Amino acid sequence: MRPERYNFREAEPKWQQVWRERDTFKTQEADARQKYYVLEMFPYPSGRIHMGHVRNYTMGDVVARYKRARGFNVLHPMGWDAFGMPAENAAMQSKTHPAKWTYDNIDTMRAQLKSMGLSLDWSREFATCDASYYKHQQALFLDFLAAGLVARKQSRVNWDPVDQTVLANEQVIDGRGWRSGAPVEQRELTQWFFTITKYADDLLAALDTLDRWPEKVRLMQANWIGRSEGLLVRFALANDGKRTNANEIHVYTTRPDTLFGAKFMAISPEHPLARELAHYDKGLADFIADCERRGTSEAAVEMGEKRGYDTSLRAVHPFDSNWTLPVYVANFVLMEYGTGAIFGCPAHDQRDLDFANKYGLGNIPVVCPLDVEPEKFVITDTAYDGPGRMINSRFLDGLTIEEAKEEVARRLEAQTLGNAPQGERKVNYRLRDWGISRQRYWGCPIPVVHCDKCGTLPVPKDQLPVTLPEDVTFDRPGNPLDHHPTWKLVACPACGGPATRETDTMDTFVDSSWYFARFTDPWNADAPITPPVANRWLPVDQYIGGIEHAILHLLYSRFFTRGLRDTGHVDLAEPFAGLFTQGMVVHETYRSGSGAWLSPAEVDVQADASSRRAFAKVDGAPVEIGAIEKMSKSRRNTVDPDDIIQSFGADTARWFMLSDSPPERDVIWMEEGVQGAARLVQRLWRVVGDLKNAALGGNGAAGEPTEGARVVRKASHSALIKVEQDFERLHFNLAVAHIRELTNALTDALDEVETGDIAADLCAAFREAADILVQLFAPMMPHLAEECWADLGHASLVAEAPWPVADRTLVIESMISLPVQVNGRKRADLVIERDADQAAIEAATLALDPVQRALAGKAPKKIIVVPQRIVNVVA
RNA sequence: GCGGACGUGGCGGAACAGGUAGACGCAAGGGACUUAAAAUCCCUCGACCUUCAAGUCGUGCGGGUUCGAGUCCCGCCGUCCGCACCA
């Protein structure tokens, strides 16, 4: 007996169990069908899943289920990005061991994900904190080390004072740690780096091949890599060498054309020459100290005033030995970029102009706009950086900027200073090497040993994994591995003498830089990756995750995959062929009269024709409705996925997640919207039942084809065509709309018939429509779909059913309706034979009343007929 | 400052490649069924004018191209995002 209402509380666990028992989503290696690898960015096990996870994994699941139906051998795995600071914070606060905290969270979140009915192959699950995972990561590190992709070097690094660890440049957002939010300090430390800069050019160039990535992400990566072409110029110092051993300053410039506009030289306060001079010059030492005190982050934020200190050194102009330039130490010159030294051309660089004006250095315009007379071209407060012709530049005069750049490069390459060319063309990058050392416990230990005699040595592979000690304490700041009494004491692998382990652990972004490859064969105990298997599955065909990883994780993974290729683990460079970045889940915020944030569960919202008001559930007091913001604990505008699934079911939650906004944009979570989705679940259940009954209620006589059957079949198949296209393009919101359109059309068709007296072909059309409808929504609402599918009498699962084949001939009408415009304004619809010729269409158009009215007796000048589209009468 | 995206009803959003603007939904208003509620169903829903029929205006603003512009071009305004003293 078919119940009137669909009971998700019974159906959802039931079908989840059926899928599990039948291993429906377990990927078989021995499967000749074309592969399709769909992956969502795996979660950090923070405690409970949030709505962002629901959105992310629902999208991936729709793709996985759709592709499975389309006949692909789909790989859709799940795991845990399980190392990281929060576990240590929890350990410090609640005396729980990070491992226990993490694995408990994983258990909770796994159960939550399972309640969503995701079509995942759980047999491949792993956590990056499993020794069986990080063991292989250590092996990869050693391979990278051997291949020259790892460097240990001293440098200025970003130090997060809250998390007590170093951060990579990519992990500093607006001068603050990406996780702690604390202002980052600079420290000089010896650290491990992946030499990502070795691939800078390739990482940039290959962005062009990623045609299934969002343009925005490719652009962000290109900007981050920051390639520029310029000239390295060596300036001789004119001094007698009394105060310094240096006799040259090296400058990187992208504007060698402006060399005759030079008015000064400036070096960074961190420049070795500045440091050296400071030994003899108290004023300079104070100046440098002052620059340091103000710090990079503060300076970056307030765009501080440009300040300099005249060293009284002079640098010789490369094209005129009698022309010398003052050498300043200036706070706006960055040691990290280029050579840490510049020549200042005030006329054509705003920063240089500000500086020159402040210190009275003057300026020489050397590029004159084409519409200005050179004699009248004067620069005062605004530098000119547009196009023009060279002036005041001796042999460059009259040339374009590009010609002048080339001429200067050519001459300086030919000219020598000392024994070497004075100029050298150079490509420069903004990208810097990826610092992976973290002074934390809960991460993958870096498998090296420091020996006083033998230096820094890799741990032999047969001694892997270097496991984390379990008996650690978190009672004081700093790295618990450092504090451990015995863990770091080890025999040197070379001489056998006393040595110490490296106590830094790897950045957790290393863990997530190859997990997608491990998923292809997570059972291999001997090697991180099984090349033939990985090469068969990779690249990931569709990767889905948040835009916040546009640079971080996605750039690191692209680098790491190149490293894997160059160390023989895989055959490809680009791990993700298709990338989709989904928007956030946002929600209204609510504040009580006292200014306290209220959660959506504590508020009643009422609306009438003109306004929307909220009241506190507890006392009915009015509540202010605030801005719509990203769900966050601090604003209390979160909704718990468990509650939603409990109250409405997983299918409803999944459907609403996909229905309201385009997937790349933020979606506003609204109680009313969820109700609407829940209503649809019941409506679909009813409609499928009605279609089934109507199909059984025929009058039995096979006769002439009926118009009703034609209409129903057309609706089903055109919906099928549209939804197919929507899924292919990940336009889930449109798929939702098109499924609802079909539902409306089928409801209308059912309203027009009397059960028991339905033509045989219409019965068949209803029966077919029921199957198609269920299959269309199955990827989004899989439990309801299975329930309907079984109710329709199928013995198999809809999750295993092949996608229906659309009959495109059904969509073509013999009569079509053309919109008719007069002077571009729509006046009428013309219903005419599909293949009517121009003359027939023109005649029929002019015969229409609204057209006659609009023409008001005038003769039309021209009639434009766009076949199958539109008619426009020009009066 | 540089780079990019976007701007459509009360709201979220449709409109493939210049061709019927507002699909689909949410909210709202009116009605049916019911003792009542829930559930369900029907009608209205860009603005103006209007009994109807019809008409006028309308995709941030101002121009332009075109038979025809939400879509293309030029110039503004606004919002959001990324980078930010990058030589």
Side-chain angles (χ1 to χ4, degrees), chain A residues 4-5 173-175 214-217 219-224 226 228 230 251-255 258 266 296 299-301 303-306 330-334 336-345 349-352 354-355 385 428-430 547 550-551 605 607-612 628 656 659-662 664-668 670-677 679-680 682-683 686 722 725 729 731 733-741 743-744 747 751 817-829 849-850 853-854 860-864 866 868-875:
Chain A
E4 214 165 289
R5 286 182 68 80
I173 315 289
D174 292 335
E215 184 60 36
K216 180 189 168 81
V217 174
L219 197 74
M220 281 169 71
Q221 292 212 356
N223 289 339
W224 187 263
S228 69
V251 162
Y252 173 76
T253 178
T254 56
R255 293 297 303 269
T258 63
T296 15
V301 171
M303 282 274 259
E305 167 201 17
K306 290 170 185 43
N331 66 340
F332 69 94
V333 181
L334 303 176
E336 296 85 6
Y337 189 79
T339 60
I342 61 163
F343 79 83
C345 175
D349 182 294
Q350 191 60 46
R351 289 161 308 165
D352 295 351
D354 293 345
F355 189 82
D385 60 3
N428 201 54
Y429 297 94
R430 211 191 74 109
I547 186 74
I551 292 174
V605 177
D608 60 32
S610 61
S611 69
R612 229 170 145 264
I628 296 170
F656 179 63
S659 64
D660 246 28
S661 297
E664 68 279 9
R665 263 190 250 176
D666 291 351
V667 65
I668 306 171
M670 288 189 303
E671 182 79 0
E672 300 91 326
V674 183
Q675 308 268 9
R679 276 199 297 273
L680 182 77
Q682 296 301 338
R683 186 172 168 215
R686 281 195 309 274
K722 286 183 207 163
Q725 199 175 69
R729 297 179 185 177
H731 290 172
N733 57 321
L734 299 186
V736 163
H738 292 137
I739 288 168
R740 295 191 97 124
E741 246 173 11
T743 310
N744 292 344
T747 307
D751 280 350
S817 172
L818 287 177
V820 174
Q821 298 179 331
V822 177
N823 290 332
R825 178 174 294 275
K826 193 202 166 193
R827 296 294 174 178
D829 287 299
D849 274 355
R853 252 199 317 276
K861 285 194 189 120
K862 189 154 78 159
I863 299 178
I864 291 158
V866 184
Q868 327 260 325
R869 285 213 108 134
I870 201 164
V871 180
N872 191 12
V873 180
V874 186

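We name chains A, B, ... by the order of the sequence lines, and we start the count at 1 in each one. Computed from a prediction, not measured in an experiment: that's the story for all the values here.
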Enumerate the protein-to-nucleotides 79-81 of chain B contacts in which both atoms are nitrogen or oxygen and the separation is below 3.5 Å.
from    : atom 1 : to      : atom 2 : distance (Å)
rC81(B) : O2'    : K216(A) : NZ     : 3.1

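- Shown here are the salt bridge (Lys or Arg N to Asp or Glu O under 4.0 Å) partners of K826(A), two or more places apart in sequence or in another chain: D829(A).
- Across rG10(B) and rG22(B), the matching C1' atoms stand 14 Å from one another, rounded to whole Å.
- Spacing of C1' atoms, rC33(B) relative to rU40(B), comes out at 9 Å, to the nearest Å.
- Among residues two or more places apart in sequence or in another chain, the salt bridge (Lys or Arg N to Asp or Glu O under 4.0 Å) test is passed with R853(A) by none.
- Applying the 6.0 Å contact sphere to CD of Q868(A) captures more than 12 heavy atoms from other residues, nucleotides or ligands.
- Taking atom P on both nucleotides, rG30(B) is separated from rC24(B) by 24 Å, rounded to a whole Å.
- For the pair V251(A) and R5(A), both in contact range of RNA chain B, the more 5′-proximal nearest nucleotide belongs to R5(A).
- Listed pair Y252(A) / rA87(B) fails the phosphate criterion, with no side-chain N or O lying under 4.0 Å from OP1 or OP2.
- Between H731(A) atom NE2 and E664(A) atom CD the span is 6.5 Å, to the nearest 0.5 Å.
- Contacts of N733(A) classified as side-chain hydrogen bond (donor to acceptor under 3.5 Å, both in side chains), with partners at least two apart in sequence or in another chain: none.
- In this structure, CG of N223(A) is placed 6 Å from C1' of rG3(B), rounded to the nearest angstrom.
- R869(A) and L818(A) get closest at one heavy-atom pair: N-CD2, 3.5 Å.
- Between the P atoms of rA15(B) and rU20(B), the separation comes to 13 Å (whole Å).
- Remark: the separation of the P atoms in rA47(B) and rC11(B) is 12 Å, to the nearest Å.
- Look at CD on Q221(A): it is 14 Å from C1' on rC83(B), rounded to the nearest Å.
- Rounded to whole Å, the distance from NE2 on H731(A) to P on rA15(B) is 8 Å.
- Remark: E215(A) pairs with R218(A) by the salt bridge (Lys or Arg N to Asp or Glu O under 4.0 Å) rule, at least two apart or across chains.
- Remark: P of rC41(B) and CD of E4(A) are 13 Å apart, rounded to the nearest angstrom.
- Atoms OH (Y429(A)) and C1' (rA87(B)) sit 17 Å apart, rounded to a whole Å.
- For the pair R430(A) (side chain) and W224(A) (backbone), a donor-acceptor distance under 3.5 Å is present.
- The CD1-C1' distance, from I551(A) to rG82(B), rounds to 7 Å in whole Å.
- The same atom, C1', is picked in rC61(B) and in rG3(B); the two are 24 Å apart, to the nearest Å.
- Proximity of R430(A) to the phosphate of rA84(B): a side-chain N or O atom is located under 4.0 Å from OP1 or OP2.
- Distance, F332(A) CZ to rA84(B) P: 18 Å, rounded to whole Å.
- Residues forming a side-chain hydrogen bond (donor to acceptor under 3.5 Å, both in side chains) with R255(A) (at least two apart in sequence, or on another chain): D257(A).
- Judged by distance alone, the side chains of R740(A) and S659(A) never bring a donor and an acceptor atom under 3.5 Å apart.
- Taking atom P in both rC48(B) and rG9(B), one finds a spacing of 15 Å when rounded to whole Å.
- With hydrogens and angles ignored, a donor-acceptor pair under 3.5 angstrom links the side chain of K306(A) to the base of rC85(B).
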Spell out protein contact along nucleotides 16-34 of chain B as letters: B when the base is contacted, S when just the sugar-phosphate is, - when no protein heavy atom is under 4.0 Å; keep the 5' to 3' order.
-> B--BB--BSSSSS------
Please walk me through it: do V873(A) and R827(A) pass side chain to side chain contact (heavy atoms under 4.5 Å, CB included)?
-> CA-CA 10 Å; V873(A) 180; R827(A) 296 294 174 178; over 6 Å; no
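- A donor-acceptor distance shorter than 3.5 angstrom exists from the side chain of N872(A) to the backbone of G824(A), with no hydrogens or angles considered.
- Taking the ring-ring contact (aromatic ring centres under 6.0 Å, His included) definition, one finds that F343(A) meets it with nothing, sequence neighbours left out.
- Per the geometry, CD belonging to E336(A) stands 17 Å off P belonging to rC83(B), to the nearest Å.
- Residues meeting the salt bridge (Lys or Arg N to Asp or Glu O under 4.0 Å) test with R351(A), sequence neighbours left out: D349(A).
- When the P atom is compared between rU59(B) and rG70(B), the two are found 7 Å apart, to the nearest whole Å.
- From C345(A), atom SG reaches atom CG of D352(A) across 7.0 Å, with rounding to the nearest 0.5 Å.
- In RNA chain B, consecutive stretches of 3 or more Watson-Crick or G-U wobble pairs with both distances under 3.5 Å are given as paired ranges: B:1-7 with B:77-83, B:10-12 with B:24-26, B:28-32 with B:40-44, B:46-48 with B:55-57, B:60-64 with B:72-76.
- Using a 4.0 Å heavy-atom distance criterion, P850(A) is classed as making no nucleic acid contact.
- For rG63(B), the O4'-C1' to base torsion is more than 90° from 0; the nucleotide is therefore anti.
- Residues meeting the ring-ring contact (aromatic ring centres under 6.0 Å, His included) test with Y252(A), sequence neighbours left out: none.
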Summarise how protein sits on nucleotides 56-64 of chain B as a single string, 5' to 3': B when a protein heavy atom is under 4.0 Å from the base, S for sugar-phosphate-only contact, - for no contact.
-> SS-------
